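Below is one structure, written out as structure tokens; comments come after it.
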Amino acid sequence: MPSCDHDTCKSCAKTGCAQHGQMAGESAEQYEGRLRLAERMSHVRHKVLVLSGKGGVGKSTVAANLAVFLALQGRRVGLLDVDVHGPSIPTLLGLESYSAYVQDGCIVPAEAAANLHVMSVGFLLKDRDTAVIWRGPMKIGVIQQFLRDTEWGDLDFLVVDCPPGTGDEPLSVAQSLGDADGAVVVTTPQHVAVNDVRKSIMFCRKVNLPVLGVIENMSGFVCPHCGETSDIFTRGGGEAMCTELAVPFLGRIPIDPGIVTAGDRGEPFAYLKSKTPAGLAMTAAFGPILALADQDPALA
Ligand code: ADP
């Protein structure tokens, strides 16, 4: 490993620092970028990635509601949407009219609440029907820039809504946030989706990213009239897989048409406060993530 020259490492004062020293083959620009990322992330106490093996399982819904839940608990939260293919966070949080801009060399995130700031690839698109047709290296470049240059200030939690799958894009996020607390993996109960999430767990293991737990979304339907749960798809596939792979199971979130309405209207705060069975299930599933901050000193 290359060693860090104490005199030139601007990020830490450790001699022999392999993390911050300029590495063989690394350009001065890449080195500067890595230092900026390290500096930015030094203001973030907990980094949580939200992953899924495939699209459409509710990953962004979980990421948005997790960020809102943490903010409702009084934490300072950043929500970063780097799902370059389908950035739905602006819609889910009612921030579609926001356009990102740069101030003093940093990207200014949108304010969803005093303690919840949001940055999304969607804020760069001229209109929401624009398709992202960037090639791989460009997508990775945008992801890196968002991680490095978004001005969050001090955060208790940074929640990152990652692109689905186990390709270069989630890999780039995981590698850039080298010391993240871990990943929340979202799946649906069907066999095919559960197999996809198995790949996500293997992915986490390969990149040394702890799995904070799996959420089985769209698991059963609670009848709004009688309150009885019907299992529309099979049930329990996510939990069985967790037992098999020895990762925590965070819980099931039932299908609730109210989630779609709240998402389309950009009103997750109201939804989470409404104490529906799905809202309560989310709150319970997010408890262990909030608990990551249990040992933190009190807010400044
Ligand atoms: P992904 O990020 O995995 O592509 P989204 O979070 O965008 O998925 O969700 C896809 C659609 O499913 C959205 O319309 C969302 O409102 C809906 N949805 C997500 N979770 C639920 C749920 N538990 N009940 C009902 N609809 C849901």
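It should be emphasised that the depicted structure is a prediction, and the values quoted were computed from it without experimental measurement. In listed order, ligands and their atoms are each counted from 1. When a residue number appears, it is its place in the shown sequence, counting from 1.
Residues with a heavy atom under 4.0 Å from ligand 1: Gly55, Gly56, Val57, Gly58, Lys59, Ser60, Thr61, Ser88, Asn217, Met218, Ile253, Pro254, Ile255, Asp256, Ile259, Val260.
For the atom pair CD of Glu169 and CD1 of Ile140, the computed distance is 5.5 Å after rounding to the nearest 0.5 Å.
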Using the side-chain hydrogen bond (donor to acceptor under 3.5 Å, both in side chains) rule, take Thr91 and Glu96 through it: C-alpha gap first, then chi angles, then the decisive distance, then the call. CA-CA 6 Å; Thr91 307; Glu96 281 171 308; 3.0 Å; yes
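Side-chain contact of Tyr271 with Thr276: a donor-acceptor pair under 3.5 Å is present, judged by distance alone. Using modelled atom types and a 3.5 Å distance limit, the side chains of Glu29 and Ser27 yield no donor-acceptor pair.
A salt bridge does not link Asp181 to Arg45: none of the charged nitrogens lies less than 4.0 Å from a carboxylate oxygen.
Residue pairs meeting the side-chain hydrogen bond (donor to acceptor under 3.5 Å, both in side chains) criterion with at least one partner in residues 104-118, sequence neighbours excluded, are Glu111-His117.
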